[in-house]
Amino acid sequence: MPHPLLHSPFINSKYRALEEEIFSLLSKSTSLNHITQIHARIFTLGLHQNNFIATKILNLCSSTSSINHACLTFHHISNPTISLWNSFIRALSQNDLPIETLKIYTQMKNTQISPDNYTFPFVLKACAALPQYPPLGQSIHGEVIRIGLDPDPYIRNSLIVMYSKSGYLKNALLLFEEMPVRDTATWNSIIAGCFRSENVEKGRELFDQMPERNVVSWNTVVAGYTQNGKASEALRLFRRMQSEGILPNEVTLVSILSACAQAGAIEIDMYSKGGSLRDARNVFDGMVEKTVVSWNTMISGVAMHGCGEEAVSLFEEMSNTGVEPNDITYIGVLCACMHAGLVEEARMYFKQMVEKNGITPKVEHYGCMVNLLGRVGYLIEAHELIKSMPFSPDASIWGALLGACRTHGHLELAEHAVICLLELEPWNAGNYVLLSNIYAAKGHWNDVESVREKMKGRRVQKTPGSSSIEIDSSIHEFVIGDRSHRRSIEIYEKLDELAMQLKLAGYVPSVDSVLHDICEEEKEHALNVHSEKLAIAFGLINTSPGTTIRIIKNLRICGDCHTATKLISKIVEREIIVRDRIRFHHFKDGKCSCNDFW
DNA sequence: TTAGGGTTAG
């Protein structure tokens, strides 16, 4: 709508020219800063009532996540056109505000404006984000049919996504099968839906059938396999993707890294040298344009593998290339510092995050700091940091402090932490076990007993520690003192042999790793049959000399097994990779990649 | 009138 003062033909053409000028300015801007500046100019020119320009601004707000700005812009327009409504709905929907999206959609209908083919994909995306209310999506589907827009391919794709995210894969498949024309996005949507609904076979079948695949198709299946716990399939498909010359992008990297994280038990020669992390690094290095997501993924990836210095140097490299770190980047780099015991660096990054990048630390950031300070023995500083937090600490924070108290034998602080922790999660067996471990390490057996009684009273059971190893595509799982394996005799012979070699190498069992109140000699024996040692022994008798042994443990590796595995790696001249609940440990030549911080 | 859309993800 032209400015009321501009009505002569001459001024009208000047108005058009202004409109065009602003429009081209907006087309070139990418950041909120630009938009705000241009918006100020729009006001002085009296163009703030202009629907066309407002639409353009809203679309920019959407891509820059500037929702407040989007609301302000929208509410300045007295008679929004359908395009403006659509752009506002888009901004809300794409910025994870499904309830607000549906509210505005309802408001739009109340003004007698009928939704069109552009409206529904955004509205359906909002419905897909609220799978707990499946009737919502169904009623929108009803409206689509009533208006006669159901043949629209965009809307149909959105319906497929909505149904598969709401747990109605059957409806999604039906819509897919009835579609006269399917484009690659249609195929991608339904394949993603199948994998999301854990129908891996159907997803793969459709992938194999599809006439044309793009990088999203490949990513969908790689991610699908990873999310369904089939890391080896994911990595196999990634190899095929590369051999077919498909250029991976940052989403591929994300999925491949997740697959690598799972791949601890994979015995595949091509991944064995240096671990699957190298695959991820290759993808990363080959990427032409690295976004903050790519950097974050790579930093978290190397952090998880315990390569603290590499994470730090990636972070610095990222800053030098002008990519601004976000909260997730800092979680990655703090996590890396935590695993590598880099206290000074962590303090520096924590400060820099707030002061330089204006990021408010979240519980994850505090968690890393507490964990790290605790591990290196700065228990009081860790506790002070917890007290200074502007929100209530959650279980992860108290858990980190408690773990540190155990390592450093600080009984009083541990009791405090565990009391807070048990209030937050009385059902979690791990908490009782940690407290019981602390008492056991101090020889306070009566207290150990009372914790156990409490556990019994509350029907809590300790998760049994177990370790698994993959040999010839089958998984072998061991628990402490396990004798159920059919090759148990050989395994125990190997263990005895290792125990002897370890003693000769100067290994002294650290008996405070043991929970139970038993005599010293028995304690030593219990340590010797921890699940990870059984899995390693089994690995040694089943693989050829020099190959890497990969173990997955469901809990954190214990202090004694960590020491023993370091020595074993040297004695048997093998690289042993253990993925525990927290991270990867690469044992080689008597050392571990975690530098004994874990 | 002009512009605006759906799939994979840390």
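Residue numbers start from 1 in every chain, and the chains themselves are labelled A, B, ... in the order their sequence lines are given, proteins ahead of strands. Side-chain atoms are counted along with the backbone in the values below, which use heavy atoms only and exclude waters and symmetry mates.
At a threshold of 4.0 angstrom between heavy atoms, the contacts of A:Thr55 include nucleobase atoms, whether or not backbone atoms are also involved. A:Asn214 comes within 4.0 angstrom of nothing in the nucleic acid, heavy atoms only. Nucleic acid contact class of A:Asp327 (heavy atoms, under 4.0 Å, all strands): none. In this structure, A:Asn296 reaches the bases: a heavy-atom distance under 4.0 Å links it to at least one base atom across the strands shown. Within the nucleic acid shown, A:Phe122 comes within 4.0 Å of sugar-phosphate atoms alone, with no base atom in reach, counting heavy atoms only. If you check every strand for non-hydrogen atoms under 4.0 Å, A:Val161 touches sugar and phosphate atoms only. Here A:Arg196 lies in heavy-atom contact (under 4.0 Å) with sugar-phosphate atoms only. If you check every strand for non-hydrogen atoms under 4.0 Å, A:Asp183 touches a base. When heavy atoms are screened at a 4.0 angstrom cut-off, A:Val216 is found touching base atoms of the nucleic acid.
No more than 12 heavy atoms of other residues, nucleotides or ligands lie within 6.0 Å of CG in A:Asn68, so this atom counts as exposed by the packing criterion.
Listed by first then second residue, pairs satisfying side-chain hydrogen bond (donor to acceptor under 3.5 Å, both in side chains) with a partner in residues 191-201 of chain A read A:Ser164-A:Arg196, not counting sequence neighbours.
Closest contact between the side chain of A:Gln94 and the listed nucleotides B:dG5, B:dT8, B:dG10 involves B:dG5.
The backbone N or O of A:Leu58 sits nowhere less than 3.5 Å from a side-chain atom of A:Ser62 that would complete a donor-acceptor pair.
Using a 3.5 Å distance cut-off with no hydrogens or angles, the side chains of A:Thr184 and A:Asn214 do not pair a donor with an acceptor.
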